[in-house]
Amino acid sequence: MVVLSQPAALDHCSPIKSCKASGFFDGIPEVDFTDPQAKTRIVKACEEYGFFKLVNHGIPFQLMAKLQAQTVKFFKKSQYVKDRAGPPDPFGYGCKKIGPNGDVGWIEYLLLNSNPQVTSSKTRAIFQETEEDFRFAVEEYIFAVKKMAYEVLELMAEGLNIQPRNVLSKLLKDEKSDSCFRLNHYPPSPQLQALSGRNLIGFGEHTDPQIISVLRSNNTSGLQIQLKDGSWVSVPPDETSFFLNVGDALQVMTNGRFRSVKHRVLAAEKSRISMIYFGGPPLCEKIAPLPNLLAKGEESLYKEFTWCEYKKSAYKSRLADYRLGLFEKTAPY
Ligand SMILES: C=C1C[C@]23C[C@@]1(O)CC[C@H]2[C@@]12CC[C@H](O)[C@@](C)(C(=O)O1)[C@H]2[C@@H]3C(=O)O
Ligand SMILES: O=C(O)CCC(=O)C(=O)O
Ligand SMILES: [Fe+2]
């Protein structure tokens, strides 16, 4: 595995919090895409954890490895060159600062628009700065992962017994789908932290605002999810599989039946590379419980809002904030 050296700009780490790491959790639900029971298992995992591991997904390992190699190559560039692709607006290269509201982590990243129709000027600038092999690897990877995400959402709709089958996937397939793609690099946690048994926080706890997130990483640990009882557990890394997260929008569309999972990343002794596709709906889409999912007399737990309204509000929040709180209907007493 390639271990990147620590970028100079990450030397000063005082504002970044640390946290005790825990042993691996062996209860992460696993869904085999070729299993006839996959749809039922997806629904069960989304209800219980808001998170599952997808195996036998059919995406060649070589395609993931190619993007990983290109990503490592990008993060190895000089700080000066990488900074030319930043600061994130939200797209672009970022180092330590996550989002616009003061969050920091032991991380550097590239945030890209994943929709070729609406490529931002920042995304264009990044690819002008880098070799074309990088853009090819990103495009090829996003294309494959999107297709897989559509299939997962179609199986999910089947598992939920809702019609039409594409009720969820059509939101990501829409040419106006507001989706994005993120490449993260967590440099090795500094010695001092490793000795004290604590690790620096790479990406602080949060939920993803979109419908679904598809994550793949190298074999370095660090990802943790929060269980229903509030405990944090470490996800065993698996470079050959994908990990899927329920996002806030899907929690609302299922009227709270699926949980948008809280997760975070702790930096490890080895460098961690992750690549995540965040599938979101078009900006004008109304985010509300799917009518066929509501039982007779069941009301929405949320006020009416569009994805644009939610996204604006999310980008005013800090990572750990409970973003859906502002959109919940208040109790009538
Ligand atoms: C602190 C923030 C970073 C974030 C935007 C936000 O204001 C709150 C949500 C964050 C998040 C989490 C999931 C994705 O990584 C992300 C791209 C997203 O859509 O929402 C990030 C945002 C970001 O890094 O800009
Ligand atoms: O890097 C990871 O493994 C997860 C990062 C994450 O949660 C995010 O980018 O939203
Ligand atoms: Fe996330």
Side-chain angles (χ1 to χ4, degrees), residues 28 50-51 53 64 68 71 75 86-115 120 122-123 177-187 199-226 232 234-239 241-251 259-268 270-281 283 307-308 310-326:
I28 301 293
F51 187 83
K53 170 170 161 172
M64 310 171 180
Q68 185 172 309
T71 305
F75 287 122
D89 65 357
F91 301 119
Y93 170 79
C95 182
K96 285 202 291 190
K97 291 186 181 146
I98 303 173
N101 307 311
D103 288 287
V104 286
W106 192 250
I107 187 175
E108 57 176 342
Y109 60 89
L110 263 180
L111 195 54
L112 306 169
N113 190 306
S114 70
N115 197 341
S120 71
K122 246 323 163 20
T123 306
S177 147
D178 181 37
S179 299
C180 57
F181 185 63
R182 179 169 206 135
L183 293 166
N184 291 326
H185 168 222
Y186 304 90
N199 296 56
L200 284 179
I201 300 214
F203 206 116
E205 62 178 78
H206 67 284
T207 59
D208 293 346
Q210 294 82 0
I211 295 176
I212 198 149
S213 315
V214 183
L215 179 152
R216 188 254 157 202
S217 76
N218 66 352
N219 258 342
T220 301
S221 62
L223 179 64
Q224 297 192 320
I225 61 166
Q226 190 174 46
W232 284 96
S234 294
V235 178
D238 179 354
E239 62 179 359
S241 302
F242 290 96
F243 292 93
L244 283 91
N245 286 0
V246 170
D248 297 342
L250 188 54
Q251 175 168 323
R259 30 188 321 257
S260 127
V261 64
K262 237 187 189 182
H263 54 286
R264 67 183 180 195
V265 178
L266 307 185
K270 289 188 297 173
S271 147
R272 175 177 165 93
I273 297 283
S274 62
M275 35 196 82
I276 307 127
Y277 164 72
F278 301 94
L283 286 171
W307 171 244
C308 182
Y310 190 66
K311 202 177 147 187
K312 266 196 192 147
S313 157
Y315 273 77
K316 283 188 192 140
S317 68
R318 296 288 299 261
L319 264 187
D321 289 347
Y322 177 55
R323 282 175 275 285
L324 277 177
L326 285 173

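Computed from a prediction, not measured in an experiment: that's the story for all the values here. Atoms within each ligand, like the ligands themselves, are counted from 1 in listed order. Throughout, numbering of the chain's residues begins at 1 and tracks the sequence.
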Closest to atom 18 (C) of ligand 1 (heavy atoms only, candidates F203, Y315, F278) is Y315
Can you list the atoms of ligand 1 that are under 4.0 Å from a heavy atom of R323? 8 (C), 9 (C)
Near H263 (heavy-atom distance under 4.0 Å), the atoms of ligand 2 are 7 (O)
Hey, is R272 touching ligand 2 through its side chain, its backbone, both or neither, going by heavy atoms under 4.0 Å? side chain
Contact check, side chains of W307 and Q210, non-hydrogen atoms, under 4.5 Å: yes
For Q210, counting its heavy atoms only, list the atoms of ligand 1 lying under 4.0 Å from any of them. 18 (C), 19 (O)
the protein heavy atom lying closest to atom 11 (C) of ligand 1 turns out to be P209 CD, 4.3 Å
Per-atom filter on ligand 2: closer than 4.0 angstrom to a heavy atom of S274 are 1 (O), 2 (C), 3 (O)
Close side-chain approach of P187 and F75, heavy atoms under 4.5 Å: no
CG (N184) and CD1 (I107) are apart, to the nearest 0.5 Å, by 3.5 Å
Quick test: of every protein heavy atom, which one is nearest to atom 21 (C) of ligand 1, and how far off is it to 0.1 Å? R182 NH1, 3.7 Å
Of all the atoms in ligand 1, which lie at a distance below 4.0 Å from a heavy atom belonging to H206? 12 (C)
Contact atoms of ligand 1, heavy-atom distance to L319 under 4.0 Å: 1 (C), 10 (C)
How long is the span from the CG atom in L250 to the CD1 atom in I211, to the nearest 0.5 Å? 7.0 Å
Part of K316 within contact of ligand 1 (heavy atoms, under 4.0 Å): neither
Please name the atom of D208, limited to N, O or S, that comes nearest to the Fe ion (ligand 3). OD1
Counting from 1 in the order shown, the ligand 2 atoms closer than 4.0 Å to a non-hydrogen atom of N184 are 1 (O), 5 (C), 9 (O)
Closer than 3.5 angstrom, by distance alone: can the side chain of D178 be matched with the main-chain N or O of L283 as a donor-acceptor pair? no
For ligand 2, is there an atom lying under 4.0 Å from some heavy atom of F278? yes
Mind telling me whether F51 and F243 have parallel, tilted or perpendicular rings, with 30° and 60° as the class edges? parallel
Out of R182, H206, K262, H185, the nearest non-hydrogen contact to atom 10 (O) of ligand 2 is supplied by H206
Show me which atoms of ligand 2 lie under 4.0 Å from any heavy atom of V265. 1 (O), 2 (C), 3 (O), 4 (C)
Check whether any heavy atom of K311 sits under 4.0 Å from an atom of ligand 1. no
If we only count heavy atoms from C-beta on, is the D208 to H263 side-chain gap below 4.5 Å? yes
What atoms in ligand 2 come closer than 4.0 Å to a heavy atom of L215? 2 (C), 3 (O), 4 (C)
Heavy-atom side-chain proximity of R182 to F203 below 4.5 angstrom: yes
Under 4.0 Å from a heavy atom of D208: give me the atoms of ligand 2 that qualify, with their elements. 10 (O)
Considering only heavy atoms from C-beta outward, does the side chain of W106 approach that of R272 to under 4.5 Å? no
Within reach of ligand 1, part of A314 (heavy-atom separation under 4.0 Å): backbone
Under a 4.5 Å cut-off applied to non-hydrogen side-chain atoms, are V261 and V246 in contact? no
Is there side-chain contact between N245 and L215, with at least one heavy-atom pair below 4.5 Å? no
To the nearest 10 degrees, how large is the angle at the Fe ion (ligand 3) between H263 NE2 and H206 NE2? 90°
With a 4.0 Å heavy-atom cut-off (strictly under), which part of Y186 contacts ligand 2: side chain, backbone, both or neither? side chain
Pull out every atom of ligand 1 sitting under 4.0 Å from any heavy atom of D103, numbered as shown with elements. 1 (C)
Do the non-hydrogen side-chain atoms of H206 and R323 ever get within less than 4.5 Å of each other? yes
Euclidean distance, Q226 CD relative to T207 OG1, rounded to 0.5 Å: 10.5 Å
